[in-house]
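This report refers to the structure that appears directly beneath it.
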Amino acid sequence: MKVKMKLELKDEPGTLIKALLPISKYGGNIVYVVHDREKKLPNGNITVQISIEANKDQVREIKNALEDEDIGILSIDEVKLIEDLAFIMIGHIVDTDIKDTIDRVDNTGFAEVIDLNLKMPNIKKESSARIIIRATGKEEMKKCVDLINKIANEKDFVLIYPLMLETQNERD
Amino acid sequence: MKEIKISIIGFGSIGKGLVREIIEKRDFLLRKGYDLKVVAIADKNSSEIDINGLDLANVLKKEEYSYNKTALDIIYEVKQDIMVECTPSNIIDGNPGLSHILAALNSRINVVTSNKGPFVVAYDKIIESADKNNVSIGYEATVGGAIPIINLIKSNIRADKILSIKGILNGTCNYILTRMQKEMLDYEEALFEAKELGIAETDESYDVKGIDTASKLVILANSLMKMNVKYTDVKVEGITRITREALELAEEIDCTIKLIGEVNKEERLLRVAPRLVPFNHPLSVGGTLNVIMLNTDIAGEITITGRGAGPKETSSAILSDIINIADERL
Ligand SMILES: NC(=O)c1ccc[n+]([C@@H]2O[C@H](COP(=O)([O-])OP(=O)(O)OC[C@H]3O[C@@H](n4cnc5c(N)ncnc54)[C@H](OP(=O)(O)O)[C@@H]3O)[C@@H](O)[C@H]2O)c1
């Protein structure tokens, strides 16, 4: 059968080869590879679309091998396995226990903070942060957004979400 | 030739701007067959009246007006086809505009207005009064300044159901955010600049706290989406806490921050909040521009952008409502 996979790679030389090796190793036949270096994810990584011919067992083995190599599988046949959300938060982010904020997301078990970029102008003023959250699927991301809203409410943060909450994996 | 007698109630920046446009456009309108006569103007305490049509250039020069007749006196006593209501917007009880509008409608006078207040608090009541008395009410100028959003939906995309509306509905907020990003200004600096340029009001809170945007959302939701909502149904966050650093962080991922008003019928969602908007998105317009994006069941997405405020721009909307009424009713 034909399977379409979308992978997340670091924008570095050699990463594409690393992703393709397990496919041939487990007998998958690569039909095409679309490698778009212009379209970056919010964390700076790039995505590559690979279409392969392989049977079910081979697909499972390929998936495991990619995961062992720490290569993010964004989706298989349009089914998303990863949801990313980049948003901005304004408030007394550090003073209100930044570790607690991150831990509460990470402790859900289905979502984690994968990137945090903090700018603090001076002590009196409110600071700003761009945060990227990764969840294991759409429903999980929704729950995570509810949790973030709750934390923001408690700690008096302003949240700036993307215009389209769903289309976060690719900013197009 | 159609003679249209109008009164202008509330003679501040919009009322005067309208008179300037009427003077400017007089010949153009005459050629099209419309003889627009302003028979009365009124501010809070005084008025100017001439049942044969005021000398408008002269009225603009005056600092004090000749009569002490009130708005309601004029509505009840002066024969007119259309009352143009331009008093300040009050979203608590809609007055004085609401009482002027209801008095006019019940006296069988058509109404055109730029005043949001009455529509935020009493949309149904106003429409009912107009229907009952068999007169028209035009309120294009209440939302989006020169952008013809209400008439667009009412007279053009008539078979479509409006599923959602998103947009930038306040030029002051858009100006402040644009300047913060382009010039790396703090919020206070950009606000100061907006005031200096006369873009922001002396009391800016109505704009920057999102109240103005939320009021316009309520009007759109009620009049174009039949949602029957109140101001308190809107979740509102303004731009007062947006930092220059937040705009930097947004820019690093090719986005800007805009104050977006959003209404979605199916989700019964009404929200005003700063949002991350990609630079290449149609809603990413800068300066004082407004922009509205509709999503309908047949047409899909339609985006329309233009100048959202200012006396001249608002006069475009008021004049087109006046002419529509003249075509329909006079
Ligand atoms: N400015 C814009 O760009 C813009 C755009 C779209 C819509 N609007 C809306 O248009 C309306 C007018 O705005 P504006 O900028 O022209 O405001 P403005 O400059 O403050 O003018 C308001 C006018 O209303 C008069 N007024 C107040 N109470 C009155 C009463 N009880 N009876 C009669 N007149 C009364 C005021 O008279 P006094 O001077 O004697 O107090 C003044 O002449 C507002 O509802 C506003 O929200 C404005």
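These numbers come from a predicted model, not from an experiment. Sequence lines set the chain letters: A, B, ... in the order given, protein chains first and strands last, and positions in each chain run from 1.
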task = Locate the shortest heavy-atom distance separating B/Ile253 from A/Ala86; write the atom from each residue and the value.
result = CD1-CB, 4.3 Å
inquiry  = Non-hydrogen contacts under 4.5 angstrom with chain A: give the residues of residues 199-225 of chain B involved, or none if there are none.
reply    = none
message = Please classify the contact between B/Lys166 and chain A as side chain, backbone, both or neither, with a heavy-atom cut-off of under 4.5 Å.
response = side chain
task = Let me know if B/Ala246 has heavy atoms under 4.5 Å from chain A in its side chain, its backbone, both or neither.
result = both
ask   = Does B/Lys265 NZ have over 12 foreign heavy atoms under 6.0 Å away?
value = yes
message = Looking at B/Arg307, I'd like to know if its CZ atom is crowded, meaning that more than 12 non-hydrogen atoms belonging to other residues, nucleotides or ligands lie closer than 6.0 Å.
response = no
ask   = Would the number of heavy atoms belonging to other residues, nucleotides or ligands and lying under 6.0 Å from CZ of B/Phe192 be above 12?
value = no
message = For B/Lys195, I'd like to know if atom NZ has over 12 heavy atoms of other residues, nucleotides or ligands within 6.0 Å.
response = yes
task = Quick one: pull up CD1 in A/Ile160 and CZ in B/Arg241 and give me the separation to the nearest 0.5 Å.
result = 10.0 Å
Taking every non-hydrogen atom, the tightest pair across A/Pro121 and B/Glu245 = CB-OE2, 3.4 Å
ask   = Charged N to carboxylate O below 4.0 Å: is that the case for A/Lys119 and B/Glu252?
value = yes
inquiry  = Tell me which of these, B/Ile242, B/Thr243, B/Leu249, has more heavy-atom pairs under 4.5 Å with chain A than the rest.
reply    = B/Leu249
inquiry  = Check this for me: does any side-chain nitrogen of one of B/Asp186 and A/Lys125 sit under 4.0 Å from a carboxylate oxygen of the other?
reply    = yes
task = Answer yes or no: does atom NZ of B/Lys154 have more than 12 heavy-atom neighbours from other residues, nucleotides or ligands under 6.0 Å?
result = yes
ask   = Under a 4.5 Å heavy-atom cutoff, which of A/Asp156, A/Asn117, A/Leu159 has the most pairs with chain B?
value = A/Asp156
ask   = Rounded to the nearest 0.5 Å, what separation is found between the CZ atom of B/Arg271 and the OH atom of A/Tyr161?
value = 9.0 Å
request  = Run the numbers on A/Leu163 and B/Ile260 for side chain to side chain contact (heavy atoms under 4.5 Å, CB included), then give the verdict.
outcome  = CA-CA 8 Å; A/Leu163 191 61; B/Ile260 301 288; 4.0 Å; yes
